Amino acid sequence: MVTWIRGEGLHRQAKEWAREHVKRLEEVGITPKLAIILLNDDPVELATQRRFASLKARDVREVGGEAEIYELHDVPPERRTKEALRLIESLNKRDDVTGVIIQKPVPPFVDERALFAALSPEKDVDALTPDNKKRLLDRFDLDNDVLPCTPAGILELFRMYGIEIRGKDVVVVGKGELVGKPLSVMLMQLDATVTVLHALSKEREPYVKRADIVISAVGRPPEIYRDNPWRLTGEMIKEGVVVVGVGGKVDPISGKWHFDVDEKSVAEKASYLTPNIGGVGLATRARVLKNLIRTSYQVARLVVSSRIVGP
Ligand SMILES: Nc1nc2c(c(=O)[nH]1)N[C@@H](CN(C=O)c1ccc(C(=O)N[C@@H](CCC(=O)O)C(=O)O)cc1)CN2
């Protein structure tokens, strides 16, 4: 009988915690303000990213913060990196902006490394700037550090449900900058035996079949991606495995969600499983709120100290 790993508890707790800290920050004149930048003009990505950005913005506003969404997808490709850099520089300088998210994936013609290198690490809600990424190679504090939202959200869910990681065979499908890569590093730090599978892996099935925990973060559902599609199904896994589904995309024509994990067949064999709706996405958003509060304190320290004029 599968136990569903639900994100709403984390999400609710994060909102309550964030509301308290918004009040404290307002005592020093700082209102958390999140700026979200959308750059992707691919119809699938744009539909999905608009949905994600609106959900994050709604959360921030619900706890008393503010949110701005910048859509640059209609800037000509040859100018998009430059325009995005100009926007990031402006957001870095604004004292009222306390957190920034560059929604991923960005289009292949945009210089993503330049964007994240330009973003002020103090305002980096995703922990994806070079300075913040490096810190993952050291020990991390799940409760106090600004950590990548989805990986940290997944680890918080494991902790909440008492799912042991130490010494376990964990397969991460997908090696993206957002989830697969940082999460595999964090899992190693927690003494898991980690296998990362990706598009060029010679084979996937034997590793998935042997795993104690499978985390699928691909986002290429067969309904939308004909080439190199991916879906985790029940016959691929062993009895009693823990499964976490991360990848999902919105079909721009139907508006329908399609996910990495086939819930029905996996639920018949898994011991624990995240629902495609109400699982990792809510844990991700919970972490966005916590990270935004932390970046807001970082900005507050900089802004308040800059107002103190010494003798
Ligand atoms: N810069 C970033 N880009 C992206 C990130 C990220 O953390 N930083 N993560 C992914 C996905 N993502 C956030 O942007 C995200 C995924 C899912 C949800 C969510 O709330 N899903 C709901 C269902 C969706 C709905 O209600 O329509 C759920 O799971 O219950 C939010 C955000 C992509 N890029």
Side-chain angles (χ1 to χ4, degrees), residues 4-12 14-15 34-40 42 44-60 62 67 69-73 84 88 91 99-107 110 112-113 115-116 118-119 123-129 132-133 136 146-157 174 176-183 186 215-221 244-252 254-261 263 273-292 295:
W4 292 95
I5 305 173
R6 299 192 184 283
E8 65 251 28
L10 273 185
H11 188 239
R12 186 178 54 253
K15 286 203 284 189
L34 175 64
I36 306 174
I37 303 172
L38 305 185
L39 293 161
N40 211 314
D42 170 89
V44 175
E45 287 304 335
L46 183 54
T48 305
Q49 294 190 7
R50 275 179 169 157
R51 178 67 183 155
F52 291 158
S54 66
L55 290 167
K56 295 180 189 179
R58 187 179 71 188
D59 288 346
V60 172
E62 272 183 16
I69 298 174
Y70 295 88
E71 294 202 0
L72 275 67
H73 55 78
I88 290 166
L91 295 170
V100 178
I101 285 178
I102 302 167
Q103 199 61 30
K104 287 166 65 73
V106 303
V110 168
E112 180 173 347
R113 293 175 74 86
L115 301 191
F116 281 99
L119 176 59
K123 299 190 180 184
D124 174 19
V125 169
D126 278 321
L128 288 173
T129 52
N132 289 330
K133 275 206 281 196
L136 273 193
V146 175
L147 296 168
C149 297
T150 298
I154 291 168
L155 295 180
E156 288 191 83
L157 287 173
E177 294 294 320
L178 207 52
V179 183
K181 201 181 280 187
L183 180 56
M186 295 165 83
I215 301 166
S216 183
V218 179
R220 295 187 68 82
V244 173
V246 180
K249 286 283 191 281
V250 173
D251 180 326
S254 67
K256 191 173 177 304
W257 274 101
H258 299 287
F259 297 100
D260 273 20
V261 171
E263 254 183 31
L273 172 61
T274 54
N276 284 326
I277 298 282
V280 173
L282 288 176
T284 297
R285 285 162 49 192
R287 198 70 195 197
V288 168
L289 283 175
K290 292 180 191 173
N291 284 358
L292 176 64
T295 59

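Counting convention: from 1, in listed order, for ligands and their atoms alike. Heavy atoms only: backbone and side chains are in, while hydrogens, waters and symmetry mates are out. Every value quoted in this text rests on a predicted model; they were computed, and no experiment measured them.
With contacts defined as side-chain heavy-atom distances shorter than 4.5 Å, the pair I154/V246 qualifies.
Between V261 and G245, the closest heavy-atom pair is CG2-CA, 3.6 Å. Scanning all heavy atoms of the two residues, the minimum distance from C149 to D126 falls at SG-OD1, 3.8 Å. The two atoms that bring I37 and V100 nearest to each other are CD1-CG1, 4.2 Å, heavy atoms only.
Taken from CG in L38 to CG in L46, the straight-line distance is 7.0 Å, to the nearest 0.5 Å. With rounding to the nearest 0.5 angstrom, the CD1 atom of I277 is 6.0 Å from the CH2 atom of W257.
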Protein N/O near ligand 1 N/O, under 3.5 Å, which pairs?
unit_1: ligand 1; atom_1: 1 (N); unit_2: I102; atom_2: O; d: 2.9
unit_1: ligand 1; atom_1: 1 (N); unit_2: D126; atom_2: OD2; d: 2.7
unit_1: ligand 1; atom_1: 3 (N); unit_2: Q103; atom_2: NE2; d: 3.4
unit_1: ligand 1; atom_1: 3 (N); unit_2: K104; atom_2: N; d: 3.0
unit_1: ligand 1; atom_1: 8 (N); unit_2: D126; atom_2: OD1; d: 3.0
unit_1: ligand 1; atom_1: 8 (N); unit_2: D126; atom_2: OD2; d: 3.3
unit_1: ligand 1; atom_1: 14 (O); unit_2: K56; atom_2: NZ; d: 2.9
unit_1: ligand 1; atom_1: 14 (O); unit_2: Q103; atom_2: NE2; d: 2.7
unit_1: ligand 1; atom_1: 20 (O); unit_2: R285; atom_2: NH1; d: 2.8
unit_1: ligand 1; atom_1: 26 (O); unit_2: R51; atom_2: NH2; d: 3.1
unit_1: ligand 1; atom_1: 27 (O); unit_2: R51; atom_2: NE; d: 2.6
unit_1: ligand 1; atom_1: 27 (O); unit_2: R51; atom_2: NH2; d: 3.1
unit_1: ligand 1; atom_1: 27 (O); unit_2: W257; atom_2: NE1; d: 3.2
unit_1: ligand 1; atom_1: 29 (O); unit_2: G278; atom_2: N; d: 3.4
unit_1: ligand 1; atom_1: 30 (O); unit_2: G278; atom_2: N; d: 2.7
unit_1: ligand 1; atom_1: 34 (N); unit_2: Q103; atom_2: NE2; d: 3.2
unit_1: ligand 1; atom_1: 34 (N); unit_2: K104; atom_2: O; d: 2.9

